[in-house]
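Here the structure is laid out as structure tokens; the discussion comes afterwards.
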Amino acid sequence: MVDFKKIISSLIEKEINIDVYNSIKEIEDPSKGDYAFPCFSLSKEMHKSPIEIADSLCSLIKDERIEKIESVSGYLNFFINKEYLIKEVLTDYDNNRDNYGKEDHKETVLVEYSSPNIAKPFHVGHLRSTVIGHALYNVYKHLGYNTISINHLGDYGTQFGKLIEGYKLWGNEYDLNDKPIDKLVEIYVRINALCEEDETVLARCRENFKLLEEGDEYCVGLWKKFSELSLKDFDKIYDLLGVKFDVIKGESFYIDKMPEVISILDKNNKLTVSEGAKVVDLEDQGIKTPCIIVKSDGSSIYATRDLAAILYRARTFDYTKSLYVVACEQDLAFKQVFAVAKYLDLDEKYVNGLEHVSFGMYRLPEGKFSTRKGNFVKLEDILNASINKAKETIMEKNPELDNIDEVATKVGVGAVVFSDLYNSRIKDEVFDLDEMMKFNGETSPYIQYMYVRIKSILRKNDTEVLLKNVKYDKLLEGSAYELIKLINKFNDVLNSVISKNEPYFLSRYLIKLATTYSEYYNEVKILSDDEEERNSRLYLVTVVSEILKTGCNLLGIEMPERM
Ligand code: ARG
């Protein structure tokens, strides 16, 4: 990124000797200039009115990189020399290319996301976690952080005692190699019904869970089998979404690490007994509900496993940030866990680095996708519906295309991912296939379509597109200049994403880049008959296509070359 704010602030600082970098703002409306400096905050220090300050600076600052400065009611508006700006931005791009927008960081960032539960379906609630987490992971990584993705599988709990019992009774009726999760859910529903009828069955289930905890070979073997089969099922979705994890560790991994949590809390006098359970009171941290650490029957709970995971992660990864991409239903649970984490004798940085990246619900429009069990919908069904819809649209628009299925997958999956990432994550999302598939809306099919159109122009040109053939004065037309400024913003946008852990800054930027390209396309003939014009325009649109692709890839969306 070329830091024009730095150039402007140093020109001002030469005259007044005050650090003004952070006051320089970008101007939205290009007719008013590129960057503005409000002089109001200087007024007190300099004993002059903002208008006087702006006027005097306006006449003092002279620099060949600045085309014009205007003093407008206390603001200094800078018009950067356009050819200079274009040259700087494109040269910077050309020097970095694949590494464009990258930085150097030593810090480690953990991003925990997806975390579905073994032997239960991967539902739409897990879609958001996976999609948001994956995008954040990619952006941190692109920015050069040592980024580690973690899948904290829900593989622990009393339900496994029931599943084991159900499997003992009816295991031979099911072929678990095909759609294992559906089968395990069926077994689970069946055994639950039986438990309600028959107390002795319930007792056997409890006994199985106890055996599992004690390491009984048969029970552990079955539990492992359920986990492996479930993971294989989840992998189908991860493959579709292009998601991989650096660390896959289930909650069970932390079982033998919990006694340490309990003993540290005990040593620090933080544990009190309430109705037979051991709890940590959090009133003094403003949290009314105490955090249960050990239940009255002695069994461990979710929060305790999370506390053990915090100890483990701090020691193993030495993180500066540790993000938990989990739905807002768990807001309180994370508040409690992070509050208790303060009592674990950890270095402060590990506690401060904990962050719950919460998100709203994914709602389905009435009547659509309702399945056997009420409103319960599997992610796989949604993705397949979207892929089918993409296929229909492509068949209509371009029936000649030879790899229709591959393209439909990229477009269909991309549409779901993008619509999930287009708004602030905390908002509830309504799943509306028609909206998210529009080729002319704020959708990923739209971005992909613009990308494909650039690619088709580039295919029609048979010379190499090189920066040295660019004439900067051929890129002065309105939208060209806007495109160049957008290109230079890419790194800033990525930094906004991580500053709030909000991928939508990038999604919106990509829509802006794609629509601005479309304007440019309507304004000029890219394959102009004039060679200098053609070479310059081709270079510019090549850069745009590359950024659209990199940006979409960071969100977790793949680009087709034709569609
Ligand atoms: N498995 C849990 C669920 O599906 C989410 C786990 C979230 N992560 C955590 N560290 N507690 O609700």
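Whatever order the structure lists ligands and atoms in, that order sets their numbers, starting from 1. Sequential numbering from 1 along the given sequence is applied to the chain's residues.
Between Ile150, Asp306, Asp155, it is Asp306 that holds the heavy atom closest to atom 10 (N) of ligand 1. Closest heavy-atom approach to atom 5 (C) of ligand 1 within the set Tyr113, Tyr324, Tyr302: this belongs to Tyr302.
Under a 4.0 Å criterion applied to the non-hydrogen atoms of His126, ligand 1 contributes the atoms 4 (O). Atoms of ligand 1 lying under 4.0 Å from any heavy atom of Val326, numbered from 1 in the order shown and given with element: 7 (C), 8 (N).
The side-chain tip of Lys236 does not point at the ring of Tyr238 from less than 6.0 angstrom away and within 45° of straight on. A cation-pi geometry, defined here as NZ or CZ lying under 6.0 Å from the six-membered ring centre and within 45° of its normal, holds between Lys249 and Phe253. A cation-pi arrangement is not found for Arg425 relative to Tyr504, the charged atom failing to lie both closer than 6.0 Å to the ring centre and inside a 45° cone about the ring normal.
By the 3.5 Å distance cut-off applied to N or O atoms, Asn117 is counted among the residues near ligand 1.
In terms of protein heavy-atom proximity, atom 12 (O) of ligand 1 is nearest to Gln330 NE2, 3.1 Å. Nearest protein heavy-atom contact of atom 8 (N) of ligand 1 is Glu112 OE2, 2.7 Å.
Using a 4.5 Å heavy-atom cutoff, the side chains of Tyr174 and Tyr167 are not in contact. Side-chain contact between Val280 and Ile293 is present, with at least one heavy-atom pair separated by less than 4.5 Å. Counting heavy atoms from C-beta outward, Asp233 and Asp235 have side chains that stay 4.5 Å or more apart.
A 6.0 Å sphere centred on CD of Glu214 holds more than 12 heavy atoms belonging to other residues, nucleotides or ligands.
A heavy-atom separation below 4.0 Å is not found between Arg305 and ligand 1. Not a single heavy atom of Lys120 lies less than 4.0 angstrom from ligand 1.
Proximity of Phe334 to ligand 1, defined as any heavy-atom pair under 4.0 Å, is confined to the side chain (atoms from C-beta onward).
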